[in-house]
Number of protein chains: 2
Amino acid sequence: MAKSPSRKPRAVKGAAARPAAAKPVTIRDVAKVAGVSAITVSRALARPELVSPETLERVRAVVTRTGYVPNVLAGSLRTRRSRIIAAIFPQVSNTLFVEAIQALTERLREEGYQVLLGLSSYERREDELIAGILGRQPDGILLTGVSHAPETRRRLIAAHIPVVETWDLTPSPIDMLVGFSHEKVGAAMARHLLARGHRDIGLVWNNDARAELRRRGFLEVLAGSGIEPAATCLGPAPATFPRGREGLAQLLRSGKRFTAVACSSDPLAQGVIAEAQDRGLRIPADLAVIGFGDLDFAAHTTPALTTVGIDKVAIGRLAAEMLLARIAGREAGERIVDVGFTVIERAST
Amino acid sequence: MAKSPSRKPRAVKGAAARPAAAKPVTIRDVAKVAGVSAITVSRALARPELVSPETLERVRAVVTRTGYVPNVLAGSLRTRRSRIIAAIFPQVSNTLFVEAIQALTERLREEGYQVLLGLSSYERREDELIAGILGRQPDGILLTGVSHAPETRRRLIAAHIPVVETWDLTPSPIDMLVGFSHEKVGAAMARHLLARGHRDIGLVWNNDARAELRRRGFLEVLAGSGIEPAATCLGPAPATFPRGREGLAQLLRSGKRFTAVACSSDPLAQGVIAEAQDRGLRIPADLAVIGFGDLDFAAHTTPALTTVGIDKVAIGRLAAEMLLARIAGREAGERIVDVGFTVIERAST
DNA sequence: GGCGCGAATGGTAACGGTAACATCAAGGCG
DNA sequence: CGCCTTGATGTTACCGTTACCATTCGCGCC
């Protein structure tokens, strides 16, 4: 169309792709065909109650016939509401966050919001990622964790959009928060093992920020009973089964004696169990194992895994509610929500 | 709302939110401060090689100082390129797709693309979801599966954007395709059990579209040896551990004799194993179990699970490559890619 | 010395919606 | 009967960016 009278085909393989993308139908095209103005079409689609029944019907007919799809980008530009929520997670190939994502996405979808997924790969350039995402004008943003670069904090505040941090607690969130105390989780794990009579305890742990908090809580409780861990194997995120196996192998190699192993997450724990069983250790008789996360397999290993349960669905759903409330202008009830946790005692301890 | 020149605070808890969202910095603001035109700022950011070094530096300084964040929506509207890829999955709280999502997202991110996540909850209103998403003008779209409503197909074709279907094969994809043959997977599972000498076989299966294809392949091979399954327990998606337990319980209740159980996915298989062990059955001596998916726990159960491995990362990465190639105008090498599968023999059969 | 060329920069007009305000007809009411 | 209200629709401008087409200037070259 228009100017370029000389739009030459790109010579060589020209013909191949590009089905010329026939100029898409716009709201003005629909308006013309329906014999109304553009704004009336806009109203017919967005606020049908403002349009007379006859007009409405006519417009709808034309929309169906022409296959008109409103350009949300254009609308968002004008209204300054994108109906997009950005959600930043360290990763997804780890069941811990997935259920929250699911709950979040479904709840937001009910209100016409879409989720833009960002993966920050545990710290690596969260800031850059967020900077890029903010340009898309999300109406709200969900972050994982509460420790962010000062630059990131500044950017988010400057963006003037609701922000919900998740999976952790802090007295000074950027904006809103839904999570639980990792230190208390660690402490509860330690108390559980102590209550079972364990005094010689090994750790197979991850070194991401939140896992470190759990470890601190764990160690403090041990210290309160005058105990130090017998041995510790600390590895980088993400936590996987093989690392759990390797972790136990390493602890055993240290030559230290221990009757229980605490793990920073369930996959590590299952790895530890597998390795222990391969070496003929009985669980929990020879070795007690406790994990964290209550991933869906935890209840179904043999023996079933003692672990710490988190209501992941609640985190996702609450985060969605808080964002929605804020976007709607309602002041969300609480800005900080602690969803707590539960030590789930099963057969492995 | 509307008129109210007297924006009264909402009485009671008023003061709280709404920090008045000071009008955001635009490209013109930056231009003015830097003493250049808007288009020069645009070039400085998008194609720095077109701008003189001095100007570039000046513009960059102003950008940092003002905290300018380009409005991608406006840019996309003008250029007709959103740098968004929509990815539709039935669900995520099921590890099968998660690794593909991860690989997809990471690869796309490298090229400056963002992923818009859509969850279609296994068939429920995939069409509606896609209709909504197309309005956001994604530059490409990834679908799970190959069976879509005719309406959906029409919409996608009309959108004139690259489409990749995944996780299945068909000779007539909408556009591009990366997946594997579920029928062949089912057939391979059956052959594996037959080769192990099993003749009395139970099924614990899901009824989603692709699982049904695997079942068909499975049954055909059995039929080839004149065998019918001893008993079948068919349940709705998603596949979970508890359903696996329940599945085996149901098969046993049927009173039929069987020496092996095939499952439509690994979580079901692990559930079957757990239930069997609770009932004192030895695996694989009393009961052999085979799953599908090779989820990360499969190698670490006791006994380790025999299953069918899929290169999920390859699916995600390839889908990304194909979309990127097409967007860049290059004709992707193959439009249909079969990533195949592998029967992984472990201790459970 | 005139011309062509490339590098650097700018003015203007879209992109496709919707907010804001305007218009107009029909109906209620003193 | 004139005035105000309400419902339905239209006009215009603007959201913030970039494509497209100048324009300007310095420089090499015949």
Self-check item: Gap between atoms CZ and P, on A:Arg47 and C:dG17 respectively (whole Å)
Solution: 18 Å

Quiz item: What are the two closest non-hydrogen atoms of B:Leu177 and B:Thr166, and how far apart are they?
Solution: CD1-N, 4.3 Å

Quiz item: Parallel, tilted or perpendicular: which describes the rings of A:Trp167 and A:Phe97, with under 30° parallel and over 60° perpendicular?
Solution: perpendicular

Quiz item: Does A:Ser42 put a side-chain nitrogen or oxygen below 4.0 Å from OP1 or OP2 of C:dT18?
Solution: yes

Quiz item: Which comes earlier along DNA chain C counting from the 5' end, the contact point of B:Arg28 or that of A:Thr79, where each point is its nearest nucleotide?
Solution: B:Arg28

Quiz prompt | Nearest-angstrom distance from the residue atom CD1 of B:Ile27 to C1' of D:dA19 | solution = 13 Å

Practice problem: Identify the heavy atoms of B:Val41 and B:Ala31 that sit nearest to each other, and give their distance. | Solution: CG2-CA, 3.7 Å

Quiz item: If you look at every heavy atom in A:Val313 and A:Ala103, which pair is closest and at what distance?
Solution: O-CB, 3.6 Å

Practice problem: Would you kindly give the CD-to-C1' distance between A:Gln137 and D:dT17, to the nearest whole Å? | Solution: 11 Å

Exercise. Starting at atom CG of A:Leu73, determine the distance to atom C1' of D:dT18, rounded to an integer number of angstrom.
Key: 14 Å

Quiz item: Which residue pairs pass the side-chain hydrogen bond (donor to acceptor under 3.5 Å, both in side chains) test with at least one member in residues 107-116 of chain A, sequence neighbours excluded?
Solution: A:Arg81-A:Tyr113, A:Arg107-A:Glu110, A:Arg107-A:Glu111, A:Arg107-A:Glu321, A:Gln114-B:Arg136

Quiz prompt | Gap between atoms CZ and P, on B:Arg81 and D:dA19 respectively (whole Å) | solution = 10 Å

Exercise. Could you tell me the separation between the CG atom of A:Leu45 and the P atom of C:dG17, rounded to a whole number of Å?
Key: 10 Å

Quiz item: Between the side-chain atoms of B:Arg78 and the base atoms of D:dT18, is any donor-acceptor pair under 3.5 Å?
Solution: yes

Write down the protein N/O and nucleotide N/O pairs, taken from nucleotides 8-11 of chain D, whose separation is under 3.5 Å; answer none if there are no such pairs.
from	atom 1	to	atom 2	distance (Å)
D:dT9	OP1	A:Ser52	OG	3.2
D:dT9	OP1	A:Thr55	OG1	2.5
D:dT9	OP2	A:Ser52	N	3.0
D:dG10	OP2	A:Ser37	N	2.9
D:dG10	OP2	A:Ser37	OG	2.9
D:dG10	OP2	A:Thr40	OG1	2.7
D:dG10	O6	A:Arg43	NH2	2.7

Exercise. Could you tell me which non-hydrogen atom of B:Ser147 sits nearest to which non-hydrogen atom of B:Glu126, and how far apart they are?
Key: O-OE1, 4.4 Å

Practice problem: Please check the phosphate of D:dG16 (OP1 and OP2 only) for any side-chain N or O of A:Arg80 closer than 4.0 Å. | Solution: yes

Quiz item: Shortest non-hydrogen contact from B:Ala38 to B:Arg28?
Solution: CB-CG, 4.1 Å

Quiz item: How close or far is atom C1' of C:dC15 from atom CG of A:Asp29, stated in whole angstroms?
Solution: 13 Å

